[in-house]
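Some notes on the structure that comes next.
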Amino acid sequence: PKQFPRGFNIWAITPEERGKHDKQFDSLSPTLGYVSGDQARKFFLQSGLPASVLAEIWALADMGRDGKMDRLEFSIAMKLIKLQLQGQPLPSSLPVIMKQTPVPSMTSSARFGKGYESMPMLTPLPLGSSVTSMTSVTSMTSLTSMPAVPPILPGALPMPLIPDPLSISNSSSTTSLASNSPKTGACDWAVPQSSRLKYRQQFNSLDKLMSGYLSGPQVRNALTASNLTQTQLATIWTLADVDRDGQLRAEEFILAMHLVDMAKTGHPLPLTLPADLVPPSFSEFSLSVSLTLSLSLSVSFEDKLKENFQRGSMELEKRRLALQEEQREEERRRQKEREEQERREREARELALRRQREEEQRMERQKEMERRREEERLKDLERQEVHLPLERQRRMEWERAKRAELQAQREREQRDIERLTARKRSLELELEAVVRFTHELRQAKLEQERLQKEEAERKIAQERERRQAEEREKEERRRAEEREKEERRRAEEREKEERRRAEEREKEERRRAEERERIRESEGGKKPENSVNTDLHSQLSALLNSTANGPGHVFHLTSLQHHHCAPLTFQVDESTVREPGWLYGSYGGKSGWFPESYAEKINKDMTDPTAVLTTVFHLRQTKASLTIVTVCAWTANTESHLGFSKDDVITVLEQQENWWYGELGENRGWFPKTHVSMVTTNNFHTDPESGDLTFRAEDVILVTEKEGEWWKGCIGDQSGLFPSNYVKPKDSDTAKSGVSSKKPEIAQVTAACIATTAEQLSLTPGQLILVLHKNSCGWWLGELQARGKKRQKGWFQSSNIKLLEPNSGKTTPAPPPRMLLCQVIAMYDYKAASEDEMSFLKGQLINVLNKDDSDWWKGELNGVMGLFPTNYVKMTTESDPSQQWCADLHSLDSMSSEERKRQGYIHELIHTEQTYLQDLELVLEVFYKPMAESGRLTEAEMAVIFVNWRELIMCNTKLLKALRVRKKTAGERMPVQVIGDILSSELAHMQAYIRFCSCQLNAAALLQQKTDASPDFKLFLKKIATNYRCKGMPLSSFLLKPMQRITRYPLLIRNILENTPVGHVDQANLREALERAEELCSQVNEGVREKENSDRLEWIQNHVQCEGVIEHLVFNSLTNCLGPRKLLHSGRVWKTKSSKELWAFLFNDFLLLTYTSKQFSSSSDKLFSPKSNTMYKMYKTPVFLNEVLVKMPSDPSSDDPIFHISHIDRVYTLKADSINERTAWVQRIKAASEHFIETEKLKREKAYQARSQKTSGIGRLLVTVQEAVELKPCKPNGKSNPYCELSMGAQCYTSRPQNDTLNPKWNFNCQFFIKDLYQDVLCITIFERDQFSPDDFLGRTEVPVATIKKDQEGKGPLTRRLLLHEVPTGEVRVRLDLQLYEQTPLL
């Protein structure tokens, strides 16, 4: 121990020390004058003393033994810590002087010679090498030892070790024993203030738990981001961890990052922490360490060795206890897992028993239902005994007709068989000829290849020369185009100037002519005649505006004023490249383009080559006087189009099939004729100026203001000015003929309406209106009949009322009954353009009376009949569609109304499916092929727009073929009894719509982008859309049809199900089909969410080469039995033995292992990057998940992330990036494998239950599928893996596939229970077994049980060869044996 001067009591606390202790006590935020054990512990740990020493100090200082300290106890503890750091041993009991109040005496500096409290660190004098080596050993030993924590100190933790004093002596610190600097504060810290703020924020962001410190793993990422070496980082950690607790507090973290900045700027790291870098909160700790270092030099090497040995023993004991605790914890965890496993097994057994009991109860209930159903059937048979003779006669007649039809069908099939046999023989002969021809070609092939090689070399040389010539030609063409553009720009500027001048002159002349015409009209009082004659010379000024002149044919044009006007002659240069319908010529020193249809070529025998404009020009201009009114707004898409608003008046100049050319104000252009309505010029007033009122002949106008020759009035919601000489007072009509004998019409309001102007009527349901006049525009004039109020006249919409009989409250009786075909719903508002048409509003229900014209139907609405366009309406299901499928009235009369509707909806489903499939094929022929051949879009862009259009065609083709076979089996114009099984089966394989609909927005966006960016592409689309089969609809409308069709399926199936009687054999299948249709719609709606999965599958398709797979593997497609393929997990793994890097892709049906064909970046976010060019090759054949077993290593606590995958006879031992990644792989592979196995199990159980279910049928059918011949090949090698599926309602059997054959021999036996002799049908379908996609369709045939009974009577089992339908070739040979349990009467 250090010697102190005599007369000085080392245990006494000086006033200076007491003041310092009080400040430290206040910094701990005491509660009610006390500091808790946790607060004191954290502060005392900064001294670096062992936990056992601190526990003794706590026992001495805590005089109250209450687990907390007041100011005096805290000061005593600090004094004891200081003395302990100075080497003074602790007293056995607390000295009395320490409990007394400090007495002022001489300062500590006078007593000790130096201010210990103010010294941040004491650096001892350098020692010899021997002392240094011993001290290093001592320091190394002390770093590995950690004394155990005695339980005396509450919540005490293991204490950090004291830093090596000799390592501090080697520090580059500038402090010395002579330093007497003031206490280090925050302002003396060498870390800049800006760095403190920045790293304090970083510390807060890393300390997510707000614990006040960061562990090693949390700080590691921040330190490794500096790119320093591991040695530098270890040194920084040692220097920054001042209290040696293995954690960094805020100031320690700031110090560490400051040292990182020093190292990155090139400054050397100190071996020990300098005084100016010590954090302010650790200044007391630094002082204690300095004092300890100054006093520890006198300690002998043996003492240090002994102390370090004790500390090491204590640390070993601590670790042994910790290891025992971990083992006990592991044992408890394993016991808990065993109990949890036993609980799960017990619950599983209970669940299985409960399910078994429920299944038994369900079977009992089903048996009871079957028994009751059989009793009801027997009762029905007894009730029908009275009508049995008539029914038997009718059934015999039906059987005779059916027999004749089946005989005819059999003859047709026999002829088909003979034709196919002859075709087979001819093909065999052709095959022999081909074999001989192939042998001859093989001899000439080598010679041809040699010649081709020489020709290829010659072509390469020619191609090289051609490319050089093309480059020169392109350069010359580019220069010529630049010159041409400059000339064209100058010509356009001259043309604009001349056009502007001509327009000004024309406006002035038109204004003067209008003034003269208005004066003439006011004087004569007659309605002016519309004239469309214009000066052709001014028109040619606008057309012929170019300065280029050239030789050619001479043309002349007739003036537009009259037929006898002198013709105009001009020359045409036919060598100029032109568009169809336009000519380039010159007239009057000017040249330009003009329509070819406005002139004709002169005769060659004329001396003066001229051409006279035919009367077609004059007649076409006469048609220009045709005036039309727009029924809705339309926006121009190009400069050649004419945009307009609703109710605009347009003058038509030229008419084509679907597009008209007209003039609106000063603008001209093309517009669709479906957006306008016809108006007769002589009976229509229009003025292009805004504020005028538009009306038709016989319309009534409510005059609001009279001023001069122009009055102001309104019609409905339209108001404006109109000429007074166009109208006459309404009373004048009745004055001539006297009082009208026609009774007034009374209408009743059916819908509320609020007036928007003073001239309109506000209506409420139930009010009565006296109709004064009916205008053709839909606005009627009437007088509101309100009791107790003044009668009000005004306008109202005719759609909001219904007419009543005069002087009564009864509704007008309906007209005589007409032939009602169906009902339709209006999708848009339509205004009648002529007298034979009818107007209607959106949402109104129209009765269809005639459908002779496909574009215009005749209908009736509110007693008004007329024509209306079919593209403005849509079908509704309220009508009875039974007339649409059967023309045999006798058959219809024998059916109930419900059955007629059911058959009508079935026919509607088949008919609309055929129409929809035609539209799909139309898109390929009319749009896809021209777009692909034109080269305007790349293959990738075509794939984005059309997505998987061909897959949609395949899905609906398969559905339509199955429906046609069912319809053909039932007979033409005969009812179809069962259709639900086909819908249920085929709707399950329409997942192609999910991909298409989810990509539809991208396709529409790309199409719109290309259309807006390229006017040439837009014109190209419009040109190909003029095909008559498109019916005026653009490509975007056809791209919406798949979504519309998918949403239509649930509605159609629901209509069929609602009209299917209870207990019908097809009811269960229809319910299942409806569920699948609704599920498909739901999946389509969620398809957007699956877009990311689809994009990743497409990325894998483009970057993974599957050369070893037998069939072409399409990742983004359907699996064989799990629906759409999904990517569950992906990442990098390594083989354990060879350390080969692999990239694994886990799908819901198989696991694919690949390797990179070139170096791949280690960054995982680049795996699915669109810019990635890395290609992957298949490492092994894909591993199907129903055949794998994944295992963890034998020691799961191992740090090595290894797992095993067992597949049949092969085991893959793989290594993941981390333990967490290994856990993710194992869990996801297990879940996917269990789902795959469970799906196959449920499929087998469902088929087994349907077969094993006991039934009270009338018999059974034994079927043996012997073989099939000449099946359609599906594999590239010309073979197939066919298997056979037999079904009858819910009963289904499947044979095993035969590999690599077109003539499989199955000899597969099965039996079916017969429920209804005349309704059950045996269906035989052949499929091709695929691994990665749904099984391909190889043919289907159906045999009614009634036909088997008829052919088998008195003959026993029969063998038949059945042709497969909907495929080009193939037949199946079956053996049929029908066994009836009892002889039932023939019904």
Side-chain angles (χ1 to χ4, degrees), residues 938-940 942-944 947-948 950-951 991-992 994-995 998-999 1002 1090-1135 1138-1188 1190 1203 1205 1207 1210 1212-1217 1221 1224-1225 1228-1229 1232-1233 1236 1275-1276 1330-1334:
T938 62
E939 293 183 1
M942 292 287 290
V944 171
V947 199
N948 56 343
R950 297 184 185 275
E951 291 185 19
Q991 276 74 15
I994 300 176
R995 180 190 173 196
S998 62
C999 300
N1002 295 338
E1090 301 293 334
K1091 189 64 173 63
E1092 180 182 2
N1093 179 71
S1094 176
D1095 293 341
R1096 292 193 172 190
L1097 292 178
E1098 293 290 348
W1099 188 92
I1100 295 174
Q1101 187 72 50
N1102 297 328
H1103 290 77
V1104 176
Q1105 301 174 356
C1106 300
E1107 300 175 353
V1109 184
I1110 299 176
E1111 57 179 328
H1112 178 62
L1113 175 56
V1114 180
F1115 290 96
N1116 198 358
S1117 64
L1118 298 176
T1119 61
N1120 185 265
C1121 62
L1122 297 176
R1125 182 169 287 109
K1126 297 180 181 179
L1127 178 64
L1128 304 180
H1129 196 54
S1130 60
R1132 180 175 53 182
V1133 296
W1134 290 269
K1135 291 197 66 178
S1138 61
S1139 298
K1140 181 179 180 62
E1141 183 186 57
L1142 301 177
W1143 291 88
F1145 300 93
L1146 176 63
F1147 303 94
N1148 55 342
D1149 57 342
F1150 64 89
L1151 174 66
L1152 179 63
L1153 299 177
T1154 64
Y1155 63 93
T1156 56
S1157 57
K1158 60 180 180 180
Q1159 186 64 31
F1160 187 76
S1161 175
S1162 60
S1163 181
S1164 60
D1165 59 348
K1166 295 183 179 180
L1167 186 60
F1168 297 102
S1169 174
K1171 299 180 181 180
S1172 176
N1173 296 324
T1174 305
M1175 298 301 297
Y1176 301 85
K1177 292 185 178 181
M1178 189 176 63
Y1179 176 67
K1180 292 291 184 182
T1181 305
V1183 179
F1184 287 94
L1185 298 182
N1186 60 341
E1187 303 171 347
V1188 302
V1190 60
F1203 61 100
I1205 299 177
H1207 178 238
R1210 182 185 295 271
Y1212 298 93
T1213 303
L1214 303 177
K1215 179 180 179 181
D1217 286 331
E1221 186 68 13
W1225 276 111
R1228 293 181 182 179
I1229 294 176
S1233 178
F1236 198 162
K1275 298 171 65 176
D1330 289 339
Q1331 289 181 314
F1332 303 99
S1333 61

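When a residue number appears, it is its place in the shown sequence, counting from 1.
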Measure the spacing between SG of Cys999 and CG of Asn948 and express it to the nearest 0.5 Å.
7.5 Å

In Å and rounded to the nearest 0.5 Å, what is the CG to CZ distance from Asn1102 to Phe1115?
10.5 Å

Please tell me if the side chains of [X] and [Y] come closer than 4.5 Å, counting only heavy atoms from C-beta onward.
X       : Y       : answer
Leu1167 : Ser1130 : yes
Trp1134 : Leu1214 : no
Arg1210 : Lys1180 : yes
Trp1225 : Leu1151 : yes
Leu1153 : Tyr1212 : yes
Phe1150 : Val1183 : no
Lys1135 : Leu1142 : yes
Pro1182 : Phe1332 : yes

Any idea which heavy atoms bring [X] and [Y] closest together, and the distance?
X       : Y       : answer
Leu1152 : Met1178 : CD1-CG, 3.7 Å
Arg1228 : Leu1128 : NH1-O, 3.4 Å
Ser1233 : Val1188 : OG-O, 3.9 Å

Under a 3.5 Å distance rule, please check whether [X] uses its side chain to pair with a backbone N or O of [Y] as donor and acceptor.
X       : Y       : answer
Thr1119 : Pro1124 : no
Ser1157 : Met1175 : yes
Gln1101 : Arg1096 : no

Taking side-chain hydrogen bond (donor to acceptor under 3.5 Å, both in side chains) as the criterion, tell me which of Asp1149, Asn1093, Asn1148 meets it with Arg1125.
Asp1149

Can you see whether Tyr1155 has Lys1140 sitting over its ring - NZ or CZ less than 6.0 Å from the centre and within 45° of the normal?
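Ring-cation test returns yes.
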
is_close_aromatic(Phe1184, Phe1236), centroid dist under 6.0 Å:
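No - the distance between ring centres of Phe1184 and Phe1236 does not fall below the 6.0 Å cut-off.
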
When the ring planes of Trp1099 and His1103 are compared, do they come out parallel, tilted or perpendicular, using 30° and 60° as the limits?
parallel

Tell me whether the rings of Tyr1176 and Phe1145 are parallel (<30°), tilted (30 to 60°) or perpendicular (>60°).
perpendicular

Looking at Glu1098 and Arg995, is any side-chain nitrogen of the basic one under 4.0 Å from a carboxylate oxygen of the acidic one?
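Yes.
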
Full working for side-chain contact (heavy atoms from CB on, under 4.5 Å) between Ile1205 and Thr1213:
CA-CA 6 Å; Ile1205 299 177; Thr1213 303; over 6 Å; no

